[in-house]
Protein chains: 2
Amino acid sequence: MIKELTEKQKNVLQFIFNKIKNDKLPPTIREIAEEFGFSSTGTVRDYLRALVDKGYIKINEGKARAIELVKDAFRIPVLGAVAAGSPTLAVEDIEGYVDLNDLFFSDADIFALRVKGDSMIEAGIMPDDLVLVRRQQAAEIGDVVVALIGDEATVKHLVREGKNFYLHPANSAYQPIPVNEDVSLIGKVITSIRRYS
Amino acid sequence: MIKELTEKQKNVLQFIFNKIKNDKLPPTIREIAEEFGFSSTGTVRDYLRALVDKGYIKINEGKARAIELVKDAFRIPVLGAVAAGSPTLAVEDIEGYVDLNDLFFSDADIFALRVKGDSMIEAGIMPDDLVLVRRQQAAEIGDVVVALIGDEATVKHLVREGKNFYLHPANSAYQPIPVNEDVSLIGKVITSIRRYS
DNA sequence: TAATTTACCACACAGATGTATGGTATGTCA
DNA sequence: TGACATACCATACATCTGTGTGGTAAATTA
């Protein structure tokens, strides 16, 4: 289990946290010492040991700057259920942890597209949503795909009727678009994201 | 501008990339040399210089492991429009870049909730979607909020009718829920995410 | 009261690390 | 042809860096 930190230990952890965020590089022991005015590297070592013991960081011994934040202490939990008792949220059922970094460090060819129009609104894809698209020529029936029709990119369901394929909107106000030589498949929607202001 | 890399330079960049992803720590010059069988650190320095000159990395001189990936070369572009011409996607109108890391390194109290039920379906929030929630007691009219009703967490629109507040579903099959002492506001939905398999 | 934890200090040291200097060889481009 | 980029090599060195040893003092906990 993750144990409580003292105020000073929290400050040191926060500094490491910020360094990784801003410099994209964990600090050295001496950089930590300098930040807090410690004249001895041993002091920092004591702090790091405490943070390791309490489950907040891991240290890869011998390597320079090898302080790693322990994920479970920082990642956002995905909750399957939330139990009562405010102001503290009792975490009853953690499905897992969100780590969107995986998406961004994927080696696949991925890009994001801002959705225009309401043609997929019944599939929960609204105007101004962001869809992450993996570029690929192939797609399966039922996939949400991005296709180029002439010069315009469009997000649609790929469906099949008999021997013909259609780009099917999820909005009864729009007509399906037959897939022909004017239509080229760009990729498959793998994620949709919407931000609320 | 970002210039083309040679195959070997690409390999070195890929190695740095993977090291940062897997170890969460950029490699040292000697770690790179070992990976590629270089017997001289000078060789690695030449590669790093080339990568710096071509705009792929930045180096903080003097510091250990201080190789930083240049963001624009790696982040996923958010496209406002996509122009024709496959297989190369012509990027015409880049709105910006997605960096969800910001969310995860935020100091705000954020958690994610897996949506159950279809009560917000007309607002584009579908069953099994993931909503990122910022914990806060206050909310504004029109916000999508997460509230506890008894023991159950629910995602709804916060609306006002006269002097009364309601949790309003976005599905005509459901009734609005009056906000009373049995209802406690947990937070505000700031992002919704859906993944397609 | 005794043991433990927290919170610092000084000093030393081996090895890790970035950098410098100066090569060789090959291919490309103007 | 000459300048330049690419792709390596060997060696040296100052300093950075993690770690070890051994302290002191106060607060907390059993």
Side-chain angles (χ1 to χ4, degrees), chain A residues 1-20 22-70 73, chain B residues 1-20 22-70 73:
Chain A
M1 260 315 288
I2 291 174
K3 295 175 191 167
E4 286 295 317
L5 296 179
T6 66
E7 274 308 307
K8 293 186 176 183
Q9 288 169 354
K10 266 186 199 167
N11 290 338
V12 172
L13 183 61
Q14 186 69 47
F15 176 69
I16 296 169
F17 198 83
N18 291 339
K19 272 287 177 182
I20 292 175
N22 298 327
D23 301 354
K24 289 155 190 292
L25 204 61
T28 64
I29 287 176
R30 282 171 181 81
E31 284 170 359
I32 298 172
E34 190 181 11
E35 170 72 14
F36 293 97
F38 301 145
S39 62
S40 170
T41 56
T43 302
V44 177
R45 181 207 45 205
D46 290 346
Y47 273 100
L48 295 183
R49 275 191 189 149
L51 293 175
V52 168
D53 290 345
K54 292 182 177 180
Y56 286 82
I57 62 173
K58 274 192 292 187
I59 288 187
N60 201 331
E61 291 182 9
K63 289 187 181 176
R65 301 181 184 274
I67 303 173
E68 187 182 343
L69 299 177
V70 171
Chain B
M1 259 314 286
I2 290 175
K3 297 177 192 168
E4 287 295 318
L5 296 180
T6 66
E7 273 308 307
K8 294 187 176 182
Q9 288 169 354
K10 265 186 199 167
N11 291 338
V12 172
L13 182 62
Q14 186 70 47
F15 175 69
I16 296 169
F17 199 83
N18 291 339
K19 273 286 176 181
I20 293 175
N22 298 327
D23 301 354
K24 290 156 190 293
L25 207 60
T28 64
I29 286 176
R30 282 172 181 81
E31 284 169 359
I32 298 172
E34 191 182 9
E35 170 72 13
F36 293 97
F38 299 146
S39 61
S40 171
T41 55
T43 302
V44 177
R45 181 211 45 202
D46 290 347
Y47 273 100
L48 295 184
R49 275 191 190 151
L51 292 176
V52 168
D53 290 345
K54 293 182 177 180
Y56 286 82
I57 63 173
K58 275 192 292 187
I59 288 188
N60 202 331
E61 290 183 10
K63 289 188 181 176
R65 300 179 183 275
I67 303 173
E68 188 183 342
L69 299 176
V70 172

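All chains are named by letter (A, B, ...) in the order of the sequence lines, taking the proteins before the strands, and each is independently numbered beginning at 1.
For Thr43(A), a side-chain nitrogen or oxygen approaches OP1 or OP2 of dC9(C) to under 4.0 Å. At dC8(C), one or more side-chain N or O atoms of Tyr47(A) fall inside 4.0 Å of OP1 or OP2 (strictly under the cut-off). At least one side-chain nitrogen or oxygen of Lys54(B) sits closer than 4.0 Å to the OP1 or OP2 atom of dT6(D). A close approach under 4.0 Å does not occur between any side-chain nitrogen or oxygen of Gln9(A) and OP1 or OP2 of dT5(C).
Remark: Phe36(B) engages Phe15(B), Phe38(B) in a ring-ring contact (aromatic ring centres under 6.0 Å, His included) (not counting sequence neighbours).
Here the straight-line distance linking atom CG of Leu48(B) with atom CD of Gln9(B) works out to 10.5 Å at 0.5 Å rounding.
Looking at heavy-atom distances under 4.0 Å, Ser39(A) makes contact with sugar-phosphate atoms alone, never a base.
Each of Thr6(B), Val12(B), Leu5(B) was scored for a side-chain contact (heavy atoms from CB on, under 4.5 Å) with Lys8(B), with one residue passing: Thr6(B).
Considering only heavy atoms from C-beta on, Ile32(B) comes within 4.5 Å of Ile67(B) through its side chain. Within the 4.5 Å cutoff, the side chain of Leu13(B) has no heavy atoms near those of the Phe17(B) side chain.
Atom-to-atom, CG of Leu51(A) to C1' of dT6(C) comes out at 13 Å; the value is rounded to the nearest Å. Rounded to an integer number of Å, the gap from CZ of Phe36(A) to P of dA7(C) is 12 Å. In this structure, the CD1 atom of Ile32(A) is 17 Å from the P atom of dC16(D), given to the nearest Å. Rounded to a whole Å, the CZ atom of Phe38(A) is 11 Å from the C1' atom of dT6(C). Per the geometry, CD1 belonging to Ile57(A) stands 13 Å off C1' belonging to dG18(D), to the nearest Å. Rounded to whole angstrom, the span from the CD atom of Glu7(A) across to the P atom of dA27(D) amounts to 17 Å. The interatomic distance linking Glu34(A) (CD) with dT17(D) (C1') rounds to 14 Å, in whole Å. Atom P of nucleotide dC8(C) and atom CD of Glu35(A) are separated by 14 Å, given to the nearest angstrom.
Judged by distance alone, the side chains of Glu7(A) and Asn11(A) never bring a donor and an acceptor atom under 3.5 Å apart.
Within the structure, side chain to side chain donor-acceptor pair (under 3.5 Å) pairs that include any residue of residues 29-41 of chain A comprise Glu31(A)-Arg65(A) (at least two apart or interchain).
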> Once each nucleotide of nucleotides 15-30 of chain C is scored for protein heavy atoms under 4.0 Å, what B/S/- sequence comes out, 5' to 3'?
Replying inline: --BBBBBB--------
